[in-house]
Amino acid sequence: MEPVQELMKVRIRKMEELKSFGIEPYPQRAWECQTTEKIKELYGNMEEEELKESSPSVRCAGRIVSFRDFGKSVFFHILDRKGKIQIYARKDVLESPEYELFKKFDIGDIIGVEGTLFKTKTKELTILARNIVLLAKSLRPLPEKWHGLKDIEERHRKRYLDLIVNEKIRDVFVKRSRIVNFIRLYLTERDFLEVETPMMHLIPGGADAKPFMTHHNALDLDLYLRIAPELYLKRLIVGGMERVFEINRNFRNEGISVKHNPEFTMLEFYQAYATYEDLMRLLEDLITRLVMEIHNGTKINFKGSVIDFSPPWQRYKMEEALEVIGGLNVREESLENLQKLARDLGMEDVNGASRGKLLTKIFEALCEEKLINPTFVTHYPVDVSPLAKRSKEDPDIVERFELYIGGMEIANGFNELNDPFDQKERFINQAARKGQDYPIDEDYIMALEYGMPPTAGCGVGIDRLVMVLTDSPSIREVILFPLLRP
RNA sequence: GGGCCGUUAGCUCAGUCAGGUAGAGCAGCUGACUCUUAAUCAGUUGGCCGGAGGUUCAAAUCCUUCACGGCCCA
């Protein structure tokens, strides 16, 4: 028998014993109570004497996470969604269950507690238990109380244990929810309409990535999980919705890394009659306020360095960034030199690549990880931006920005290409590069032919933003159940 | 896909360089203890050393290979 089963056997034996005394291990019973946080909020500031006089009665529930046994009394902590509170069970005070039966309870058990509050001599607010009810028996031993669960693989595979044992991880996901809520509120207050567009696409579009395939049986139809919602959201702009956003999953069938999970969460928002300049200002405002909301300040720590969100944020044209940060004067570099440089940086098939593609690749290799403070990079080459509008001054450049924070690409926005002729031509060129059978979204072209108002749109990688705001080194730390090999 | 590192008790880790009876702390179990909080004190159970091959009188340790993970590169 495996040793863990011996530990379980002990717990099962205790469970049987409790049952024989009429204590159900898995009752379906409601236990109305306050959170530990609420109890601390209401009574935490009261003096010992004051508490002693009023001795307020409270009820709470949670999981037993520690147990200090003194024979005829026990101190232990329970953990609920808001935190921990100490409970004190004494043989001469506990009414039910019988004290000896209560001592059969284990760390990990989920219980309800009813009792009166007092403060220990170390001033810790504690519940002197009168009634304790078993709400669910725990049969497996929890990870160690002091070191917790450290093994990264185990933490991701058994996220429930990670959440029980590692307070910081609970906090990451609380913050993640607050971040998404904040963004949602910010946009809806500005009259953006939240929408949901298809996850299953006939033609994968809106980004340059390999899709996951699936199949609809009744229609006998191959479908793709979306790589981006962009083309559908812009159809809604054509439809007159004017301001829309969607926060949802995208799926990209590519490598997994510290910055990439095959399914990830993206915010995309589109605003008619706005320009990408407007959206840079909006993003700067949104994220600065978000940082203030989460951190009560504009400076935060991320991976050992300090990120300062105080506006205005640095802006570079891509060529400037290459020069200032990468130390490369691109105007003077020949195509051959750029190809050689790209090849040295590990880029494959440099010979077929355009100047714009090479520059973008070199920019990403030389500059990206050095852009720690929020930085907008603008003036992207047209051939890496098939859905963005060309610059009036230079048709090889598009009116586009990317936002970098903490050495990662966080957002990408541009003036939307609404010229159906230019769009069709770019789709055709893209298809030619991708090879035969690469589908063109004719319906999207048709939508543009009906007329799309001048619009700016932007995508924000929510997972990466959460990484930055929670100082998490890996995207897997901000996704509850990241993809793992079985 | 490539390189490096890791996988030992439920958990956290020693032990691997230099082969010679598999260790500690916590958790568990038995006791003692009615203000502890990593409680304390005494005793104690628990191992397919990731899997499979190989070398050797002898393998957690050396070699090969596979699986899973981490970091870096693509």
Side-chain angles (χ1 to χ4, degrees), chain A residues 1-15 17 36 48 51-52 63-79 83-94 99-100 102-109 115-129 138-162 164-167 210 253-260 303-304 342-350 361 364-365 368-369 407 472-477 482-486:
Chain A
M1 181 167 47
E2 284 179 47
V4 65
Q5 283 180 320
E6 286 175 30
L7 293 172
M8 288 178 71
K9 219 166 86 179
V10 172
R11 286 179 174 228
I12 289 168
R13 187 166 7 93
K14 289 198 237 179
M15 182 181 80
E17 232 171 306
T36 55
E48 288 164 82
L51 265 178
K52 199 176 271 177
R63 187 187 292 274
I64 300 174
V65 289
S66 63
F67 207 85
R68 293 177 292 280
D69 184 355
F70 287 81
K72 295 186 184 65
S73 73
V74 177
F75 281 99
F76 60 101
H77 279 89
I78 62 167
L79 172 71
K84 293 177 189 171
I85 195 161
Q86 183 166 253
I87 318 287
Y88 185 36
R90 286 169 57 129
K91 191 173 166 53
D92 58 356
V93 175
L94 188 67
Y99 184 77
E100 296 310 321
F102 161 69
K103 296 255 289 229
K104 307 276 179 209
F105 288 19
D106 289 299
I107 289 178
D109 287 356
T116 51
L117 284 170
F118 73 104
K119 278 194 175 171
T120 62
K121 69 179 183 193
T122 54
K123 314 268 194 228
E124 179 168 351
L125 188 67
T126 301
I127 301 173
L128 178 62
S138 170
L139 299 178
R140 288 180 182 271
L142 287 178
E144 202 230 10
K145 62 184 170 189
W146 188 242
H147 299 94
L149 184 64
K150 284 189 166 174
D151 185 86
I152 292 172
E153 182 175 0
E154 199 70 356
R155 284 184 41 236
H156 293 160
R157 288 190 194 278
K158 295 189 177 167
R159 184 67 94 181
Y160 44 90
L161 282 186
D162 196 21
I164 292 168
V165 167
N166 295 325
E167 191 186 340
K210 293 189 193 76
N253 202 343
E254 294 180 353
I256 296 175
S257 81
V258 183
K259 295 183 206 168
H260 299 87
K303 289 191 351 189
R343 206 178 291 116
D344 291 348
L345 291 166
M347 185 178 171
E348 288 157 23
D349 53 85
V350 288
K361 190 78 189 176
E364 284 169 2
E368 180 167 341
E369 66 178 14
S472 300
S474 159
I475 198 167
R476 284 182 219 103
E477 296 296 325
L483 186 72
L484 300 169
R485 271 180 227 258

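Numbers restart at 1 for each chain; the letters A, B, ... are given by sequence-line order, proteins then strands.
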Counting heavy atoms from C-beta on, name the nucleotide in G69(B), G28(B), G10(B) closest to the side chain of Arg485(A). G69(B)
Expressed as a whole number of angstroms, how long is the span from Asp151(A):CG to G10(B):P? 14 Å
Check whether Tyr99(A) reaches the backbone of Ser73(A) with its side chain - one donor and one acceptor, N or O, closer than 3.5 Å. yes
Which is true for Thr120(A) with a 4.0 Å heavy-atom rule: it touches a base, it touches only sugar-phosphate, or it touches nothing? base
Main-chain N/O of His156(A) paired to Asp162(A) side chain as donor or acceptor, under 3.5 Å: no
Which one, C26(B), G69(B), C35(B), comes nearest to the side chain of Phe118(A)? C35(B)
In whole angstroms, how far is the C1' atom of G28(B) from the NZ atom of Lys103(A)? 15 Å
Check the phosphate of C11(B) against Lys145(A), side-chain N and O only, distance under 4.0 Å to OP1 or OP2. Yes or no? no
Sugar-phosphate only, base, or nothing, as touched by Lys150(A) at under 4.0 Å among non-hydrogen atoms: sugar-phosphate
Given atom CD1 of Ile87(A) and atom C1' of U36(B), what is their separation to the nearest angstrom? 14 Å
Show your reasoning for whether salt bridge (Lys or Arg N to Asp or Glu O under 4.0 Å) applies to Glu48(A) and Lys121(A). CA-CA 9 Å; Glu48(A) 288 164 82; Lys121(A) 69 179 183 193; over 6 Å; no
Quick one: closest heavy-atom pair of Arg68(A) and Ser66(A), and the distance? NH1-OG, 3.5 Å
Using only side-chain N and O atoms of Arg68(A), determine if any of them is under 4.0 Å from OP1 or OP2 of C35(B). no
From CZ of Phe76(A) over to P of C35(B), roughly how many Å is that when rounded to an integer? 16 Å
Note: for Asp69(A) and Asp344(A) on RNA chain B, the residue whose nearest nucleotide lies more 5' is Asp69(A)
Between NZ on residue Lys361(A) and CG on residue Leu345(A), distance to nearest 0.5 Å: 9.0 Å
Applying the 3.5 Å cut-off to both distances, the Watson-Crick or G-U partner of U12(B) turns out to be A24(B)
Identify which nucleotide among U12(B), C72(B), G70(B) has an atom closest to any side-chain atom of Val258(A), counting heavy atoms from C-beta outward. C72(B)
Base, sugar-phosphate or nothing for Leu7(A)? Non-hydrogen atoms, less than 4.0 Å. base
Return the value, rounded to whole Å, for the distance between atom CG of Leu128(A) and atom C1' of U34(B). 11 Å
Against the side chain of Glu144(A), the closest entry in G25(B), A38(B), C29(B) is G25(B)
Can you tell me which nucleotide in U34(B), C35(B), A38(B) comes closest to the side chain of Trp146(A)? A38(B)
Nearest-Å distance, CG (Asp106(A)) to P (C11(B))? 17 Å
Base, sugar-phosphate or nothing for His156(A)? Non-hydrogen atoms, less than 4.0 Å. nothing
Calculate the interatomic distance between Arg157(A) atom CZ and C68(B) atom P; express it in whole Å. 9 Å
Given the structure, check if the side chain of Glu124(A) and the base of U36(B) hold any donor-acceptor pair shorter than 3.5 Å. no
Identified pairing partner of U40(B), criterion: Watson-Crick or G-U wobble below 3.5 Å: A32(B)
What's the CZ-C1' distance between Arg11(A) and G10(B), to the nearest Å? 9 Å
Taking only the side-chain heavy atoms of Tyr88(A) (C-beta and beyond), determine which of C72(B), U34(B), G70(B) contains the nearest atom. U34(B)
Scan Arg155(A) against the nucleic acid and name what it touches under 4.0 Å (heavy atoms): base, sugar-phosphate only, or nothing. nothing
Give a yes/no answer on whether the side chain of Arg476(A) brings an N or O atom under 4.0 Å of OP1 or OP2 in G70(B). yes
From U36(B), C29(B), U34(B), nucleotide with atom closest to Lys121(A) side chain: U36(B)
4.5 Å side-chain heavy-atom contact, Ile12(A) and Lys9(A): no
Tell me which of Asp92(A) and Glu154(A) sits closer to the 5' end of RNA chain B, going by the nucleotide each one is nearest to. Glu154(A)
Quick check against the 3.5 Å criterion: does Lys150(A) have a side-chain atom that pairs as donor or acceptor with the backbone of Arg155(A)? no
For Phe70(A) and U34(B), say yes or no: do the ring centres fall under 5.5 Å of each other while the ring planes differ by less than 30°? no
Examine C29(B): is either OP1 or OP2 under 4.0 Å from a nitrogen or oxygen in the side chain of Lys14(A)? Give yes or no. yes
